[in-house]
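These notes are about the structure you will find just below.
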Amino acid sequence: MASITKSYEPHDVEKKWYAAWLEAGCFAGKANPAKAPYTIMIPPPNVTGVLTMGHVLNNTLQDILVRRARLEGREALWLPGTDHAGIATQTVVEKELRKEKKTRRDLGREKFVEKVWSWREEKGGIILKQLQALGASADWSRTQFTMDPAYSQAVLGVFVDLYGKGHIYRGKRMVNWCPSSLTALSDEEVEMRPTKGLLYQVRYEVVDQPGKFIEVKTTRPETIPGDVAIAVHPDDPRYTALIGKKVWRPLNRAQIPIIADSAVDKEFGSGALKITPAHDKVDFEVGQRHKLAPIDILTPDAKLNELAGPELEGLERFAARKKAAELLKESGALVKEEPYENNVGYSERAGVPIEPRLTWQWWLKYPRIEEAKTAVRDGHIKFYPERWSKVYLHWLENIQDWCISRQVWWGHRIPVWYAKGLDKEALTEADIADPKKVHVSLAGPSDPQNWVQEDDVLDTWASSWLWPFATLGWPDKATMEKAGFDYFYPTTTLVTGPDIIFFWVARMIMAGLEFVRPGEPLERRIPFKHVYFTGIIRDQQGRKMSKSLGNSPDPLDLIAKYGADGLRFGIVSIAPQGQDLRFQEDRIEGGKNFCNKLWNACRFREMNGEMADNSSLGAILARVEPAKFDADDHAILDRLLGTTREVDRCFTEFEFSAAVQAIYGFFWNDFCDWYVEVSKSKLQPPSSQDSGAPRDPAEKANCLAIQDLVLRQTLLLLHPFTPFITEELWHLLGYGSEGTFLMRDTHLENSSQITGRGLKPDPAAAAQVAQLKAVVSQVRAFKAEHGEGASKVSEFVVEATDTHWTVLEANLTKLQRMLGAGSLVRGAMSPNAPAIVTAFGSWNLIKQLKGDPAAEKAKLVKDLETIAKHVAATEARLANKAFTDKAPAAVLEGARKQLADQQAKQAELQRLLAALG
RNA sequence: GGACCUUUAGCUCAGUUGGUUAGAGCGUUUCGUUGACAUCGAAAAGGUCACUGGUUCGAGUCCAGUAAGGUCCA
């Protein structure tokens with residue numbers, strides 16, 4: 001009885017091997033000068049995150065890369081960790097507080113931050129545990145968190161450093177304000193959404209010409225109390241006479257000037273623009289040019305304040321819009337309103353429209369912009385697919401300063417202290433530059449009692465941009481040494497989504513170039529050499545998977561249903577390079593089925609002969625006897641080497657799904673469907689379907705050795721994709737010894753290393769097998785057409801040339817088995833039996849009942865018509881002088897051979913037809 | 001407004017530098033289980049490669065334009 005069970009049951013196998021790998025320290029990456037390093041830093045998921053299909057894809061690919069690197073003999077480090085995700089995490093904890101009817105302000109800053117920490121201890125980082133269920137071979141002993149003390153020191157140190165270099169400044173500027181999270185956001189965190197609203201046409205009465213009006217169009221009438229001017233284009237003849245005059249502001253009535261500014265678009269609306277500097281970026285600039293003080297009419301949570309006038313004060317912004325429209329209507333200032341759609345910026349996280357708001361913030365002028373361009377443009381960093389480099393470069397061309405301060409509590413508190421009593425709202429540049437008034441340092445001031453620390457924390461991305469090197473202990477020399485910084489940096493590959501090119505990828509490149517190994521060449525400072533961008537996983541309707549839509553399957557459910565290997569194999573098989581993909585559960589099922597197929601092929605091997613020495617490639621090769629090879633042996637080995645080369649190529653090009661498909665096709669079609677089937681006539685007792693010749697023990701041993709070889713190399717090729725089942729079978733079939741692991745202690749030989757050991761399959765024999773396969777398939781179809789099922793035993797007469805018969809005879813036993821043929825004999829064609837023309841002669845199907853001559857005739861006529869068309873087409877091609885003159889020799893040769901084959905078939909069909917009478 | 005992507009079988013997608021009669025998986029239909037696997041095997045049906053033009057001896061593949069869908073930037 002076989003020790004391998006009838007079907008593959010993943011759960012215990014997965015648990016067993018993951019624990020064994022962990023126990024043996026297989027995932028540890030240690031600097032080893034004897035090997036080349038291979039490093040991947042995980043894109044740190046939010047500490048609040050749970051595993052999604054996107055994570056499954058992304059992390060499976062990373063695991064595939066590091067596992068393959070280990071098999072190739074490299075020292076692999078996959079460093080895991082989580083991101084503190086400032087606003088997101090704070091929101092989660094605030095939500096918990098709300099259940100107790102409390103806000104973070106009730107607790108105060110210190111208590112609240114403590115609370116977040118304890119939340120994190122208790123519930124944070126679940127996702128890392130979930131990744132383990134997927135088989136992730138990350139070095140968990142190195143797990144990092146962006147708020148770890150050492151990491152925080154790096155983040156704050158960078159702030160101090162960049163401040164000292166003049167890259168960071170404090171300024172009162174227009175920011176994207178989130179009225180829900182009550183913080184500033186960077187431009188990248190604002191999402192433009194087409195939004196339906198109304199366009200209001202409002203008239204402002206000219207002060208010294210009662211009855212004369214100037215009209216503007218606006219989508220935000222509630223901001224009218226913040227208007228400080230009406231602007232027109234200086235060259236607009238409609239308004240030249242009015243420039244310098246005053247109009248009445250229709251809400252919170254007051255006189256405001258008409259000014260000329262060339263930023264005004266003459267074509268839009270009436271060509272006049274209301275200027276509201278406190279609530280619009282462009283207006284702010286116009287206001288500055290004309291020295292008009294802004295009037296801020298909004299509170300931080302976007303309610304109207306007292307400056308909006310008594311009728312609007314206290315209203316929430318959208319209610320105020322309605323009310324403003326009503327007031328304008330009553331006063332006759334509203335000319336009309338019409339439906340309108342425009343782009344409105346929304347807070348990506350909170351999902352509410354942002355407000356442009358004038359506030360004091362900390363800003364960063366990016367360092368190393370030009371070098372960051374060069375690194376990608378000159379290929380020091382390669383993007384896959386390459387096209388994303390355009391997006392990257394375009395962003396760098398148009399880069400704006402980065403607002404790095406956030407008005408939240410959870411995060412890295414900015415290491416700046418203000419002298420007590422200083423008016424922070426009235427700071428001048430000179431004040432900020434004065435160390436007596438503003439202190440910036442890692443250690444803080446020596447007399448803390450005289451200072452107040454900055455309230456703001458840093459944008460989360462202003463910590464994660466240091467990820468590739470801060471995770472390796474930078475900047476502390478001793479820690480770096482211990483972590484193997486010199487060995488593992490730059491990292492090899494980054495696997496991430498194109499949606500964070502700006503947030504993360506570009507910023508990491510600039511940070512690496514600025515901070516790592518100053519003065520050294522660019523290729524030593526870049527954070528990674530390859531960036532692989534995955535696609536986005538969508539549902540069947542093409543929608544993004546999201547919690548709110550509920551269209552995302554839980555990966556853990558899928559693992560329970562199909563096994564981690566099945567999930568991995570399935571997801572990779574549907575993930576073409578850099579293209580979004582539609583999730584199909586049946587492909588995951590396909591992954592599971594493939595695992596079962598692999599399992600059963602190994603079971604077949606085990607059931608068909610004693611296991612011999614499988615302990616190394618050399619041991620197996622020593623059992624292989626090339627002298628005993630038949631065409632099928634040559635063919636399967638030829639395909640094994642071809643597949644090995646193809647998978648190699650796929651890894652260099654990051655074509656994971658192509659690799660999986662190559663292995664799938666080879667293993668299922670070439671090995672299981674053909675080689676294993678034809679092996680049966682060498683391995684198993686004679687059956688009624690073959691000639692009954694006794695089995696040759698040497699031939700059998702050779703066949704088993706070849707199966708051992710193919711299975712071994714297949715397990716190696718597959719291991720990065722399906723680590724658990726391959727490790728299990730590796731041991732069950734005796735490829736690995738107790739205490740060693742496929743994943744750690746094995747070297748994957750490439751095709752030239754295998755042929756280098758004397759295994760050189762004959763491609764001509766391989767080609768012959770391909771022909772035989774085609775004939776088998778053709779004859780099976782022929783049988784089916786005549787009502788003879790695949791397994792029914794049929795009798796055949798073949799009229800073949802000596803050459804063809806020699807080949808058929810050499811393969812007689814297995815052909816009989818593959819065809820379900822009771823007999824296959826050489827002889828003259830019978831005109832009354834159904835017939836078919838193949839590459840190896842004409843075949844008669846001898847049935848109990850004679851074929852219907854009329855039907856047979858009709859079929860031959862139809863076949864002849866088809867072949868005649870093909871012959872004519874090929875002849876026409878060859879008769880074309882332009883073709884024969886210009887086409888390459890190989891193509892010409894192919895066409896000639898094709899014609900010869902077609903003509904031979906045509907002649908044979910004609911002969912059969914004639915014989916039929 | 002600018003840039004990029006996609007359009008191939010009922011569905012989801014391959015198709016490398018242009019070269020026989022365009023492939024796979026799933027689905028559908030027919031046949032097949034004591035012999036590794038029904039999580040399986042055999043076979044079949046199914047495509048004017050979005051459209052229009054061009055380059056070429058030859059175009060799914062290269063070029064230009066059009067249409068539809070999608071993404072990003074402004």
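Naming: A, B, ... by sequence-line order, numbering from 1 per chain. All values derive from a computational prediction rather than experimental measurement.
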Checklist line | Nucleotide B:C26, atom P - distance to CG of A:Leu581 in whole Å | finding: 18 Å
Next item on the list: Measure the shortest side-chain to side-chain distance between A:Phe502 and A:Val391 over non-hydrogen atoms and say whether it is less than 4.5 angstrom.
Entry: yes
Next item on the list: With C1' as the reference atom in both, quote the distance from B:G10 to B:A64 in angstrom, rounded to an integer.
Entry: 34 Å
Margin query: Does B:A36 have its OP1 or OP2 closer than 4.0 Å to a side-chain nitrogen or oxygen of A:Lys680?
Written below: yes
Check: Among the nucleotides B:A36, B:G25, B:G70, which one has an atom lying closest to any side-chain atom of A:Arg538?
Finding: B:G70
Notebook entry, point to check: Rounding to the closest angstrom, what is the interatomic distance between B:C26 and B:U66 at atom C1'?
Noted result: 34 Å
Check: Taking only side-chain nitrogens and oxygens of A:Arg387, does any of them come within less than 4.0 Å of OP1 or OP2 of B:C4?
Finding: no
Note to self: From the set B:A36, B:G19, B:U6, return the single nucleotide nearest to any side-chain atom of A:Gln579.
What the structure shows: B:U6
Check: Separation of A:Arg649 atom CZ from B:G15 atom P, in whole Å?
Finding: 9 Å
Notebook entry, point to check: How is A:Ser777 classified with respect to the nucleic acid when contacts are heavy atoms under 4.0 Å: base, sugar-phosphate, or nothing?
Noted result: sugar-phosphate
Next item on the list: Can you tell me the distance, in whole Å, between the CD atom of A:Glu677 and the P atom of B:A36?
Entry: 8 Å
Margin query: So if I take every side-chain heavy atom of A:Asp586 and compare against B:G19, B:C26, B:A42, which nucleotide ends up nearest?
Written below: B:C26
Check: Does A:Gln684 make a side-chain N or O approach to OP1 or OP2 of B:A36 shorter than 4.0 Å?
Finding: yes
Check: With respect to A:Asn608, which candidate in A:Lys700, A:Lys680, A:Lys682, A:Gln684 satisfies the side chain to side chain donor-acceptor pair (under 3.5 Å) definition?
Finding: A:Gln684
Note to self: Please report the distance separating the P of B:G46 from the corresponding atom of B:A38, rounded so that it comes out in whole Å.
What the structure shows: 32 Å
Note to self: Students often get this wrong, so: under 4.0 angstrom with heavy atoms, is A:Asp885 touching a base, only sugar-phosphate, or nothing?
What the structure shows: nothing
Notebook entry, point to check: Within the pair A:Trp668 and B:G41, is there a side-chain N or O less than 4.0 Å away from OP1 or OP2?
Noted result: yes
Next item on the list: For A:Pro498, answer base if it contacts any base atom (sugar-phosphate contacts may also be present), sugar-phosphate if it contacts only those atoms, and nothing otherwise; contact means non-hydrogen atoms under 4.0 Å.
Entry: nothing
Item checked: Rounded distance in Å - CD1 (A:Ile500) to P (B:C72) -> 14 Å
Next item on the list: Please determine if A:Arg649 and A:Glu646 form a salt bridge, counting it only when a charged side-chain N lies under 4.0 Å from a carboxylate O.
Entry: yes
Next item on the list: Let me know which of A:Glu589, A:Glu585, A:Arg568 forms a side chain to side chain donor-acceptor pair (under 3.5 Å) with A:Tyr562.
Entry: A:Glu585
Next item on the list: Verify the contact: side-chain N or O of A:Arg582 to OP1 or OP2 of B:U12, cut-off strictly under 4.0 Å; return yes or no.
Entry: yes
Notebook entry, point to check: Taking the six-membered ring of A:Trp674 as reference, does the NZ or CZ atom of A:Arg639 fall below 6.0 Å from its centre and within a 45° cone about the axis?
Noted result: no
Next item on the list: Between B:U39, B:A36, B:G19, spot the one nearest the side chain of A:Lys597, thanks.
Entry: B:A36
Item checked: Nucleotide nearest A:Ser7 (side chain, heavy atoms from C-beta), chosen from B:U39, B:C73, B:A44 -> B:U39
Check: So, is A:Thr866 close to the B:U21 phosphate, meaning a side-chain N or O under 4.0 Å from OP1 or OP2?
Finding: no
Next item on the list: Check whether any side-chain nitrogen or oxygen of A:Asn600 sits under 4.0 Å from OP1 or OP2 of B:U39, and answer yes or no.
Entry: no
Next item on the list: Determine the Euclidean distance between corresponding P atoms of B:C11 and B:U7; express it in Å to zero decimal places.
Entry: 14 Å
Notebook entry, point to check: To the nearest angstrom, how far is A:Trp674 atom CH2 from B:A42 atom P?
Noted result: 11 Å
Notebook entry, point to check: Does a nitrogen or oxygen in the side chain of A:Lys6 sit under 4.0 Å from OP1 or OP2 of B:C37?
Noted result: yes
Check: How close or far is atom P of B:C26 from atom CD of A:Glu589, stated in whole angstroms?
Finding: 9 Å
Item checked: Nucleotide nearest A:Gln661 when distance is taken to its side chain, options B:A14, B:G19, B:A36 -> B:A14
Check: If you measure from the P atom in B:A9 to the same atom in B:C49, how many Å do you get, rounded?
Finding: 10 Å
Item checked: Candidate nucleotides B:C72, B:C4, B:A36, ranked by approach to the side chain of A:Phe502 - the nearest -> B:C72
Next item on the list: Taking only the side-chain heavy atoms of A:Gln898 (C-beta and beyond), determine which of B:A43, B:A36, B:U20 contains the nearest atom.
Entry: B:U20
Check: Thinking salt bridges, do A:Asp670 and A:Lys773 make one under a 4.0 Å N-O criterion?
Finding: yes
Next item on the list: For nucleotides B:A42 and B:A24, find the distance between their P atoms and express it as a whole number of Å.
Entry: 13 Å
Next item on the list: Specify the separation, in whole Å, of atom CD1 of A:Ile501 and atom P of B:A3.
Entry: 18 Å
Check: If each of A:Ala887 and A:Lys390 is mapped to the nucleotide of RNA chain B with the nearest heavy atom, which maps nearer the 5' terminus, i.e. the 5' end?
Finding: A:Lys390
Note to self: Taking only the P atom of each, what is the distance from B:U28 to B:U6 in whole angstrom?
What the structure shows: 31 Å
Margin query: Heavy atoms only, 4.0 Å cut-off, all strands: where does A:Cys595 land among base, sugar-phosphate and nothing?
Written below: nothing
Margin query: Using atom C1' in both nucleotides, what's the gap between B:A43 and B:C62 to the nearest angstrom?
Written below: 39 Å
Next item on the list: For the residue pair A:Thr644 and A:Gln713, confirm or rule out a side-chain donor-acceptor distance under 3.5 Å.
Entry: no
Notebook entry, point to check: Hey, what's the ring geometry for A:Trp843 with A:Phe796, parallel, tilted or perpendicular (30° and 60° as the breaks)?
Noted result: perpendicular
Next item on the list: Let me know the distance between CG of A:Asn669 and C1' of B:C40, rounded to the nearest Å.
Entry: 14 Å
Note to self: Assess whether a salt bridge exists between A:Asp901 and A:Lys905, defined as any Lys/Arg side-chain N lying under 4.0 Å from an Asp/Glu carboxylate O.
What the structure shows: no
Next item on the list: Mind telling me whether A:Tyr366 and A:Trp395 have parallel, tilted or perpendicular rings, with 30° and 60° as the class edges?
Entry: perpendicular
Next item on the list: Would you indicate what A:Ala895 reaches in the nucleic acid, counting non-hydrogen atoms under 4.0 angstrom: base, sugar-phosphate, or nothing?
Entry: nothing
Check: With the threshold set at 4.0 Å, does a side-chain nitrogen-carboxylate oxygen contact exist between A:Lys373 and A:Glu397?
Finding: yes
Checklist line | Watson-Crick and G-U pairing of RNA chain B written in dot-bracket, each distance under 3.5 angstrom, with | for inter-strand partners | finding: (((((((..((((.....[...)))).(((((.......))))).....(((((..]....)))))))))))).
